[in-house]
Q: 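One structure, pasted below without further comment.
Keep in mind that this is a model prediction, so the values were computed, not measured. Sequence lines set the chain letters: A, B, ... in the order given, protein chains first and strands last, and positions in each chain run from 1.
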Amino acid sequence: MNAQATREHAYRRRFLLLLGGWTVLVSVALVVVPLVFRNRLPDPLAGHWGPSGRPDGTMSFAAFMFVVPVWLLIAMCCLGMAVRDRPLPRRATRTRLTTVLAWAAAFLLGTQALTIGANLDKGHWTQASPLSWQVIPMLAGAIAVGALGWLVGRLGPGDPPDTEPPTGPLIHVDPGKRPVWLSTVSAPWAIGLTFVAFASALSLAVATLLGWSTWGWSPVAPLALAFLVGLLLSAVSVRVDPGGLTVSYGLLRWPSRRVPLARIGRAWVDRRYPSDIGGWGYRGLPGSATIMIRGGECLVVRYTSGGELAISIDDAATGAALLNALIAHPPPSKERVS
Amino acid sequence: MLLTLDLNDPRPLHEQVTTAIRRAIVEGRVHPGDRLPPARDLAAALGVNANTVLRSLRDLRDEGLLEFRRGRGVSVLRRPDAREDLKARVRELLDEAARYGYRRDDVIQLIEELA
């Protein structure tokens, strides 16, 4: 056990060093390479190539260097996730981080190399070499490097075996009383984005109707969709009562889903993060789904049919304790379970 | 937040809800600074009207236990002190006694017998 912990600790250090070293290395390359060739590049450079392969757009040298903050942002997000998980991110998370870092680095460096190559020693951006098929090997290369990153992430100790999580203490349920556990959680940033999407969709729709907008209806649809998704998945409310578990989605608390007590096998608490399950919102398929509003404490419910549902929610321990208590001593139910 | 409603409680609903929320605060199920679930969620969970819950929340705010903040919902301000806690429970005792047909003086007499 102790040797295992020491090994995990050592691996953690190597893993973080690897990510940090890679970040620094790629950042240096992204900064140094353009600076070395700066005198041999036109200003502005050709920055966009049309379908014919001829350059049709420009950017200044400063805009060209914008890849550096983009890379730093990606790398910092990945590093932050890697540092946060203790003692070690799960293998699935590790492979995701290394894949993203490897692919993003290869893609950015490849794009930079192609752009420099096409502009090198050209007096004016219009004389830049045509680019068409060269993009395909670059993309293939980026995918290959991403696959290498995936392999690197798979190294190291595996996940601790999934032990049956402890049920925790039960809550005493008095027969003459009706206990209810209630908890809600919301993601303020998602609510903010939802309202921004709503406002943008509405103003664009009005502008289009009045003929002020030249963009037409095409940007309205995705904004309206973002608004609907945000409405459904920026908050969740969970209730446990003698009838079972009720999950109400979104700011409108609709739709609402009720799981009768008889269908629930047991409940427990787990810590899960968006990086473990691939993001926010409703993740996975019914039967092994996670409703992820924010990372951290989650209430996990196993159905008697074998499926699982996890919901990121505060005070999950109390909810699990009440559910388990109600399962252990089912109240004389007035609700018939069909 | 865990709330318990007494199924045989004859008191008006808003008093029952007040008691349930106060008990949750007394028993430390919610702590000072914690936010309560929105009133409409509480109402749905307890099977009562949202106005009933709002009335209870206002009563508890007037007791100084809750704080209403614009845009941030209702949060717990402090726990009731020992005297307030006892007073609430004595009130519950008096209500329970009334259900058995005992009046205030009968309860006082009972307490004196015990002392």
Q: Ignoring hydrogens and angles, state whether a donor on the side chain of A/D315 or A/W181 is under 3.5 Å from an acceptor on the partner side chain.
A: yes

Q: Would you call the rings of A/F227 and A/F198 parallel, tilted or perpendicular if under 30° counts as parallel and over 60° as perpendicular?
A: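 It falls in the tilted class, 30° to 60°.
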
Q: Flag the one option from A/G319, A/S237, A/S183 with the top tally of heavy-atom pairs under 4.5 Å to chain B.
A: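 Sorted descending by pairs with chain B, the first entry is A/S237.
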
Q: Any side-chain donor-acceptor pair under 3.5 Å between B/S56 and B/D59?
A: no

Q: Under 4.5 Å from any heavy atom of chain A, what part of B/A44 do you find: side chain, backbone, both or neither?
A: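 Both backbone and side chain.
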
Q: Is it the side chain or the backbone of B/R40 that comes within 4.5 Å of chain A heavy atoms, both, or neither?
A: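 B/R40 touches chain A through side-chain heavy atoms alone.
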
Q: Any donor-acceptor pair under 3.5 Å linking the side chain of A/N324 with the backbone of A/A267?
A: yes

Q: Given a strict heavy-atom distance threshold of 4.5 Å, which part of B/L36 is in contact with chain A: side chain, backbone, both, or neither?
A: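 When you check distances to chain A, no heavy atom of B/L36 falls under 4.5 Å.
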
Q: Using distance alone, with no hydrogens and no angle criterion, decide if A/S256 and A/S248 have a side-chain donor and acceptor under 3.5 Å apart.
A: yes

Q: Need one label for A/R178: side chain, backbone, both or neither, based on atoms under 4.5 Å from any heavy atom in chain B.
A: both

